[in-house]
Amino acid sequence: MYEWIIIGGGIHGCTIGNYLIKNEKTTIENLIIIDPHQEPMEKWRSYTDKIGMEYLRSPSVHHIDVPVFSLQNFKNPTDYTAFYGQYKRPSLQVFNEHCDKVLQQAQLKKCWKQGRVIHVYRDFDKWVVQTDDGQSFITKNLVLSVSVNEKLHIPEWVKESSNDVKHIFSEKLSNLSELTPSIVVVGGGITAAHTVINLCRIFPEEVTLLTRHKLRVHGFDSDPGWLGPKFMKSFSKITDYDLRREQIKLARNRGSMPNDMYQKIRKLEREGSLKVKCDEVVTTSSQDQSNVLHLKSGNSLATKTVLLATGFNSNLPEESWLKALIETENLRCASCGYPIINQKLEWCPHLFVSGPLAELEIGPVSRNISGARKAAERIVNEFIV
């Protein structure tokens, strides 16, 4: 039997595991992290590498370790490539190297269990977690750190199309260099920006960014006021969870990018390496071994490859075990389907959540690295051993 089981080994699961160990809430022998991948944070590394991310959008104080300046102190201050801008946004390389150090310090690989959860149920005052290899694990405390990054967002026009349209985060696409130019990237947010900048290095003058709206520039994906009492004080007083959900939607700067990426895109456009079109796909057809995108404006766009950078569905994760757990334990959910939890992020006694599942309590930053730190702090600081 374990003291803690964390389902999900991405940034959130690893942050919470690290906080539990370093705050001496448990030991490595009494903790297990269950995740379908071989390595901690594997999906994060795969996605960010594929789009060619150079610098994170988050500032250097957002990371998986406990001390707030752990990442800043990790690198020699004379290394001017390690951080970017006034908020010291870390390079992807530095961020990942820091994560490796933190994971090694906490010895989290010792408690790593690769497997996919298929069933979770309560047995008196314990939780039982079953995996697809037939194993069962028993714990006193359970943390659900599952993400929404399993379900790709596919527009309706793609579903109705017979053309081969790829998604940037599809497992079938391993490397951007395997794409056939010319390439149209559909999307208008930071993922699309990273993708076209990377593609222009590989296929200059063969890339088009097709966005439904004018490019939106925001430093972060929500106002920094959501990190503290400036906005969270009033948010926490809202008792109507539909209103909380509306606040979260309004607060997120969806489909946006920081100014430095916007400037890179405009530079590539001026140089002729990139075309940017503001329009929307209605239908598609095929002609002369090309995909033809028929646009809302009445124009059409022919290309060899259509690549979606449209993110993920924002609905509740669709794992069957989660749906069954909600039903059998009669767990409270808002009308949007997301958990109604207490300030300790408990859904019911000894069942905690983080990431998307905690956003009705943590707010708009819940899915981010800062949200992982906030969730870990609440679970660790308010939990009585």
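- Here the side chain of H63 pairs no donor or acceptor atom with the backbone of S370 at under 3.5 angstrom.
- In terms of heavy-atom proximity, T139 sits nearest to M1 at C-CE, 4.2 Å.
- T180 and T305 form no side-chain donor-acceptor contact under 3.5 Å, judged by distance and modelled atom types alone.
- Looking at L179 and K166, their side chains come closer than 4.5 Å, going by heavy atoms from C-beta outward.
- F83 and V61 are not part of a single hydrophobic cluster, where members link through side-chain heavy atoms under 4.5 Å apart.
- In this structure, a donor-acceptor pair under 3.5 Å is present between the side chains of N291 and N163.
- No side-chain heavy atom of I379 sits less than 4.5 Å from a side-chain heavy atom of K344.
- Judged by distance alone, the side chains of D279 and N299 never bring a donor and an acceptor atom under 3.5 Å apart.
- Between K25 and E377, none of the side-chain N atoms (NZ, or NE/NH1/NH2) sits under 4.0 Å from a carboxylate O, so this pair counts as no salt bridge.
- Looking at heavy atoms from C-beta onward, L152 lies in side-chain contact with S170 at the 4.5 angstrom threshold.
- In this structure, I7 is a member of the same hydrophobic cluster as L331, with clusters built from ILVMFWY side-chain heavy atoms closer than 4.5 Å.
- Looking only at side-chain heavy atoms (C-beta outward), C99 and R45 come within less than 4.5 Å of each other.
- We find that K323 and E327 are not joined by a salt bridge, their nearest charged nitrogen and carboxylate oxygen being 4.0 Å or further apart.
- Formation of a donor-acceptor pair under 3.5 Å by the N342 side chain with backbone atoms of L345 is found in this model.
- Ring pair Y2/W127: centre-to-centre distance not below 6.0 Å.
- Side-chain atoms of R254 and S222 form no donor-acceptor pair, as typed in the model, at a separation below 3.5 Å.
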Query raised in the report: Yes or no on salt bridge (Lys or Arg N to Asp or Glu O under 4.0 Å) for K275 and E205, after CA distance, side-chain angles and deciding distance?
Result: CA-CA 8 Å; K275 295 178 182 176; E205 302 181 16; over 6 Å; no

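- Here the side chains of L103 and N18 are not in contact, with every heavy-atom distance at 4.5 Å or above.
- For the pair R244 and F235, the distance from NZ or CZ to the six-membered ring centre is under 6.0 Å and the angle to the ring normal is within 45 degrees.
- Under a hydrophobic-cluster definition in which Ile, Leu, Val, Met, Phe, Trp and Tyr are linked whenever side-chain heavy atoms come within less than 4.5 Å, directly or via other members, L357 and I340 are assigned to the same cluster.
- A salt bridge does not link R89 to E54: none of the charged side-chain nitrogens sits closer than 4.0 Å to a carboxylate oxygen.
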Requested in this report: Check the pair H167 / T310 against side-chain contact (heavy atoms from CB on, under 4.5 Å), numbers first and verdict last.
Outcome: CA-CA 8 Å; H167 195 290; T310 50; 3.4 Å; yes

Requested in this report: Starting from the C-alpha separation in whole Å, work towards a yes-or-no answer on side-chain contact (heavy atoms from CB on, under 4.5 Å) for L325 and L351.
Outcome: CA-CA 11 Å; L325 179 63; L351 175 63; 4.3 Å; yes

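- Counting heavy atoms from C-beta outward, S290 and T303 have side chains that stay 4.5 Å or more apart.
- L31 places a side-chain heavy atom less than 4.5 Å from the side chain of I6.
- Salt bridge status for D35 with R116: absent, with no side-chain N to carboxylate O gap under 4.0 Å.
- Within the 6.0 Å centre-distance limit, the rings of F220 and Y87 are counted as a close aromatic pair.
- L92 is listed as a side-chain neighbour of L56, based on a closest heavy-atom distance under 4.5 Å.
- Considering every non-hydrogen atom in both R57 and H218, the closest pair reads NH2-O, 2.9 Å.
- R212 contributes no side-chain N or O that, together with a main-chain N or O of G188, makes up a donor-acceptor pair within less than 3.5 Å.
- Closest of all the heavy-atom pairs between G52 and H194 is O-ND1, 4.5 Å.
- Listed for the S236 side chain is no donor-acceptor partner under 3.5 Å among the backbone atoms of K233.
- Counting only N and O atoms by type, the side chains of Y262 and R266 include a donor and acceptor under 3.5 Å apart.
- Counting only distance, with no hydrogens or angles, the side chain of R252 and the backbone of V365 share no donor-acceptor pair below 3.5 Å.
- Ion pairing between a basic and an acidic side chain is recognised when a charged N comes within 4.0 Å of a carboxylate O; R122 and E329 show such pairing.
- T26 and E3 share a donor-acceptor pair across their side chains, judged by distance under 3.5 Å alone.
- Both Y47 and M41 are assigned to one and the same hydrophobic cluster, defined by single-linkage of ILVMFWY side chains at heavy-atom distances under 4.5 Å.
- The closest side-chain donor-acceptor pair between K22 and Q105 falls under 3.5 angstrom.
- Using modelled atom types, one finds no donor on one side chain facing an acceptor on the other under 3.5 Å when comparing Q38 with E42.
- Looking only at atom types and distance, the side chain of H294 has a donor-acceptor partner in the side chain of S285 under 3.5 Å away.
- When ring centroids are compared, H153 and F312 stay outside the 6.0 Å threshold.
- Looking at K50, its side chain does come within 3.5 Å of a backbone N or O of L173 through a donor-acceptor pair.
- With no hydrogens or angles considered, a side-chain donor-acceptor pair links E178 and S174 at under 3.5 Å.
- Ion pairing between E206 and K304 fails under the 4.0 Å rule for side-chain N and carboxylate O.
- Although no hydrogens or angles enter the test, the distance criterion places a donor-acceptor pair under 3.5 Å between the side chain of T48 and the main chain of W44.
- Residues F137 and W321 are members of one and the same hydrophobic cluster, defined by side-chain heavy-atom contacts under 4.5 angstrom among Ile, Leu, Val, Met, Phe, Trp and Tyr.
- The closest side-chain donor-acceptor pair between N259 and Q263 falls under 3.5 angstrom.
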